[in-house]
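Here's the structure, in structure tokens; my notes come after.
Since we're looking at a predicted model, the values are computed, not measured.
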Amino acid sequence: MGGTEKRMNDILSQDVQISDVVEQRMKDTYEILRRRQEITGKERSCTKRLRVAAAVAAIVCLGVPSAVYASMKAGLFDGMFGNATKKSWDVIHTEMDNSKGGKTAIDLPSREFVPVDEEKAEEQIGQWVMDEPIVKQIGEHVLTIESFVYDSSGAVMYYTLGRKGGVTALKADESTNAAKGAMFTDAVDFFFSVQCGMTGDKDTIFAGDNTYVDLEKSTDELFYCTSYMLWSDDMKEGDIPQLVITKYPDILSELYKLQPDLTGMTKEEAADETLWKEYQEAMDKVQTEAVDISDKGQIPVREIDLGEQGHLVYSPIAVRVDMSKGFGLSDVEAQDPGNMKYMEIKFKDGSSYVVSDSENMIENNGYILGAGEWYKTVFNRLIDTDEIAEIIVNDVVFPVE
């Protein structure tokens, strides 16, 4: 990156004349950064902020090659797809609470993170990455969506969550990173998720996710998070993902106390219960806010359709496979993601990316999801689709022509 840094220094040393539009963008950027500092209490240099803003203005005004602009977003691309601060791990043999007063032995698959070529990432997906961060104050926490990109199968979202005195909304450690991801605690009065469409609408598409918290970069007061997401149904052209924030009238642990046990009770009996009424009154106070995350559109996907012999759809960030074709599975078996035993992407140069190998306990992905007959996975790295030679799923080979 030495050449890129030199070009950046050359730009910053010039006497640049900027337009009113660019100047306003600089002011907007500075305001976003100022708000983050107020909320998180982090000490940052104003001089450094203005220097970055000036660099952005210079790039806009001078028409510097996109490679330089890509370097400005290096941290975002690395956070989403790289390994500068993410740690790979081998198979983990551990125990978990079985809720019966004992422990159950489990094995957690190995996972490998790899470097990302920032300039290549800009070329591949830069035009579909959101232009500016979304900053939302939620009670004592501040949520900042730093970067987001998606296709018809899934999405990757890079965000920070901060709170003075310590983040209390998420439980995150090495064990959550290796298992099902960071979890919301019941000590907060909010929840956020990503979806497309209004909750309750039969056509609403929800995002299942696994959130990896970068423990090396994060502090007690600011978590750096990568959320690997997969859609409950395939996104259509024009569908816009939304950040949905749900605010409750009390912390979740208190609301749980109000929720009655309806086992063995009729609706009429439950309606007469004081506790049930209190719970209903609390739920009536729930507030929901939906914010469009990105209008940049979807990363285009490619298909390999072998008819009844197999069908899959892929992009640089995700893949989905129709498990009802080519694998000898019944309609019921096709809906079980556990029947996907092996996935490998082979490249033209002879290298390969083993996405999943159940026999050898390898899961080099961000998240997996069974959605009907579709097995979906979002990668934990960025794939150059132009360099793919073939994709192997179980014992079926999908050649790329």
Side-chain angles (χ1 to χ4, degrees), residues 75-96 104-118 121 125 147 149-151 153-159 170-183 207-218 223-230 314-321 336-347 351-370 375-385 388 391-394:
L76 300 182
F77 283 132
D78 187 75
M80 298 173 83
F81 305 107
N83 70 340
T85 55
K86 289 180 180 176
K87 295 181 179 179
S88 304
W89 60 82
D90 294 325
V91 177
I92 298 173
H93 306 286
T94 186
E95 294 181 330
M96 65 177 295
T104 299
I106 61 170
D107 294 326
L108 298 175
S110 66
R111 186 157 292 155
E112 180 186 25
F113 297 97
V114 300
V116 62
D117 184 324
E118 296 126 12
I125 65 169
S147 192
V149 67
Y150 72 108
D151 71 0
S153 297
V156 182
M157 182 170 79
Y158 186 59
Y159 68 93
L170 289 180
K171 177 185 183 301
D173 53 31
E174 290 184 358
S175 64
T176 63
N177 279 344
K180 296 182 178 180
M183 299 171 289
D209 75 293
N210 180 343
T211 296
Y212 177 99
V213 176
D214 189 329
L215 300 176
E216 183 171 325
K217 291 184 66 175
S218 298
F223 284 8
Y224 287 82
C225 310
T226 304
S227 187
Y228 302 99
M229 302 177 177
L230 290 166
Y314 66 97
S315 80
I317 67 167
V319 63
R320 65 178 185 267
V321 185
D336 181 359
N339 285 313
M340 207 295 298
K341 304 295 185 182
Y342 186 83
M343 180 182 290
E344 179 183 8
I345 299 175
K346 291 191 174 183
F347 299 99
S351 63
S352 73
Y353 164 31
V354 177
V355 184
S356 182
D357 181 349
S358 60
E359 182 178 349
N360 293 300
M361 295 292 291
I362 296 172
E363 288 292 345
N364 290 324
N365 50 47
Y367 185 56
I368 63 173
L369 178 70
Y375 171 91
K376 299 183 179 184
T377 187
V378 60
F379 306 135
N380 68 350
R381 62 197 68 179
L382 197 61
I383 301 303
D384 188 343
T385 52
I388 296 177
I391 300 174
I392 302 173
V393 181
N394 290 353

Just jot down the side-chain contact (heavy atoms from CB on, under 4.5 Å) partners of [X], sequence neighbours excluded, or say none.
X    : result
S358 : K341
I392 : Y342, E344, K346, E390, V397
E359 : D357
D209 : T211, S227, M229

Compare all side-chain heavy atoms of [X] with those of [Y] and state whether any distance is below 4.5 angstrom.
X    : Y    : result
T226 : Y158 : yes
Y375 : V393 : no
V156 : F379 : no

For [X], check side chain to side chain donor-acceptor pair (under 3.5 Å) against everything at least two apart and list the hits.
X    : answer
D336 : none
Y159 : none
N83  : none
S147 : none

Between atom [atom1] of [X] and atom [atom2] of [Y], what is the distance when rounded to the nearest 0.5 Å?
X    : Y    : atom1 : atom2 : result
S315 : L382 : OG    : CG    : 8.5 Å
R320 : D151 : CZ    : CG    : 7.5 Å
N177 : Y212 : CG    : OH    : 5.0 Å

[X] side chain to [Y] backbone, donor-acceptor under 3.5 Å:
X    : Y    : value
N394 : N339 : yes
T377 : Y367 : yes
S110 : M361 : yes

**Study point:** All ring pair (Phe, Tyr, Trp, His ring centres under 6.0 Å) counterparts of F223, not counting sequence neighbours
**Key:**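 Applying ring pair (Phe, Tyr, Trp, His ring centres under 6.0 Å) to F223 gives none.
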Exercise for review: Return the set of residues passing ring pair (Phe, Tyr, Trp, His ring centres under 6.0 Å) with Y314 (not counting sequence neighbours), or none when no residue passes.
Suggested key: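 Partners of Y314 by the ring pair (Phe, Tyr, Trp, His ring centres under 6.0 Å) criterion come out as none, since no residue qualifies.
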Between [X] and [Y], what is the shortest heavy-atom contact and its length?
X    : Y    : value
S153 : K376 : O-CD, 4.0 Å
R111 : N365 : NE-O, 3.2 Å
I383 : F347 : CG2-CE2, 3.9 Å
V213 : C225 : CG2-SG, 3.9 Å
A155 : V378 : O-CG2, 3.9 Å
T85  : D78  : N-OD2, 4.2 Å

**Study point:** Option among N364, V355, I368 that satisfies the side chain to side chain contact (heavy atoms under 4.5 Å, CB included) test with M343
**Key:**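 The passing option is V355.
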Check your understanding: Mind checking what makes salt bridge (Lys or Arg N to Asp or Glu O under 4.0 Å) contact with D384, not counting sequence neighbours?
Key ->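 With neighbours one apart ignored, the set is K120.
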Point to revise | Qualifying salt bridge (Lys or Arg N to Asp or Glu O under 4.0 Å) pairs with a residue from residues 86-96, counting only residues at least two apart or across chains | key: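 Counting only pairs at least two positions apart or across chains, no salt bridge (Lys or Arg N to Asp or Glu O under 4.0 Å) contact touches residues 86-96.
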